[in-house]
Amino acid sequence: MHGSRLVALICAVMLGGVIIAFPDQFLFSKVVPNSFWTKYFPLPFGAGWFISFMALLPILFTKAPLLSTIKWTLTSICMSILVCVPISVFIAEGTISINNFINQYIWVSLLCIPPFILQILLRCIDGGIKNIANKADDRIK
């Protein structure tokens, strides 16, 4: 298995695990419960963003090209959402409804996209800094 695929699989398992472990942070509800650690995040869904970012963080450190990283990150997000949202909904609410699944898929996707965009920006900034450093190093030689 290729390195970035393996890391994407690990990220998908971690993201799926946290979606199941913290359904109150990922699933839509009219009232977002505040626990002792979520009150430090700025928005009601800031904790979900942070958890998603941390679960997807290993894929940021792969040496794969940017487009490959984007592809595998999206794949891991989609895999974990498709598998873990129904489990999480059933655990949290105990009911199964197609309309509820559709709403929850959209909501969890919206919670996972901002950390994904931040990771792309961080990867681009890292690549830009490396390019600038290489050009400066070539000028010195």
Side-chain angles (χ1 to χ4, degrees), residues 1-140:
M1 187 175 268
H2 193 261
S4 59
R5 291 180 188 175
L6 179 62
V7 173
L9 180 64
I10 291 169
C11 289
V13 169
M14 288 190 334
L15 183 62
V18 296
I19 289 172
I20 293 172
F22 300 108
D24 56 336
Q25 298 302 321
F26 285 94
L27 298 180
F28 177 78
S29 65
K30 293 180 182 176
V31 178
V32 178
N34 252 350
S35 62
F36 70 95
W37 61 276
T38 58
K39 64 183 176 184
Y40 298 109
F41 291 98
L43 302 171
F45 38 84
W49 285 348
F50 177 74
I51 295 168
S52 298
F53 181 80
M54 296 306 287
L56 296 171
L57 194 62
I59 208 161
L60 186 64
F61 296 108
T62 61
K63 293 186 179 187
L66 179 64
L67 290 177
S68 177
T69 304
I70 291 171
K71 178 178 88 171
W72 290 113
T73 305
L74 280 175
T75 303
S76 65
I77 289 172
C78 290
M79 285 186 337
S80 59
I81 287 174
L82 286 174
V83 172
C84 296
V85 165
I87 296 169
S88 195
V89 166
F90 185 73
I91 290 171
E93 299 174 7
T95 60
I96 297 175
S97 166
I98 298 298
N99 291 335
N100 192 14
F101 280 157
I102 293 169
N103 292 333
Q104 296 295 353
Y105 279 130
I106 293 169
W107 183 254
V108 175
S109 298
L110 290 175
L111 277 173
C112 292
I113 294 301
F116 168 66
I117 292 171
L118 180 62
Q119 286 189 348
I120 292 171
L121 291 174
L122 289 174
R123 186 74 185 257
C124 291
I125 289 170
D126 180 50
I129 291 172
K130 286 180 183 175
N131 286 339
I132 291 170
N134 288 338
K135 288 180 183 179
D137 193 35
D138 289 341
R139 287 184 183 178
I140 293 173

Would you mind reporting whether [Y] and [X] have side-chain heavy atoms less than 4.5 Å apart?
X	Y	answer
Val7	Phe61	no
Ile51	Phe22	yes
Phe116	Ser52	no

So how far is it from [X] [atom1] to [Y] [atom2], rounded to the nearest 0.5 Å?
X	Y	atom1	atom2	result
Leu15	Ile59	CG	CD1	11.0 Å
Leu27	Leu111	CG	CG	9.0 Å
Ile87	Ile19	CD1	CD1	10.0 Å

Which heavy atom of [X] sits nearest to which heavy atom of [Y], and what is that distance?
X	Y	answer
Met14	Met54	CE-O, 4.2 Å
Trp107	Phe26	CD1-O, 2.9 Å
Ile81	Pro86	O-CD, 4.1 Å
Cys11	Ser76	CB-OG, 4.3 Å
Trp49	Pro115	O-CG, 3.3 Å

Would you find a donor on one side and an acceptor on the other, under 3.5 Å apart, between the side chain of [X] and the backbone of [Y]?
X	Y	value
Tyr105	Val85	no
Ser88	Cys84	no
Ser68	Pro65	no

Which atom pairs, one a donor and one an acceptor, fall under 3.5 Å between side chains of residues 117-125 and the rest of the protein, sequence neighbours left out?
| from | atom 1 | to | atom 2 | distance (Å) |
| --- | --- | --- | --- | --- |
| Gln119 | NE2 | Phe53 | O | 3.4 |
| Gln119 | NE2 | Leu56 | O | 3.0 |
| Arg123 | NH1 | Thr69 | OG1 | 2.8 |
| Arg123 | NH2 | Thr62 | O | 3.2 |
| Arg123 | NH2 | Ala64 | O | 2.2 |

- Message: Could you check whether atom CZ of Phe101 has more than 12 heavy atoms from other residues, nucleotides or ligands sitting under 6.0 Å from it?
- Response: yes
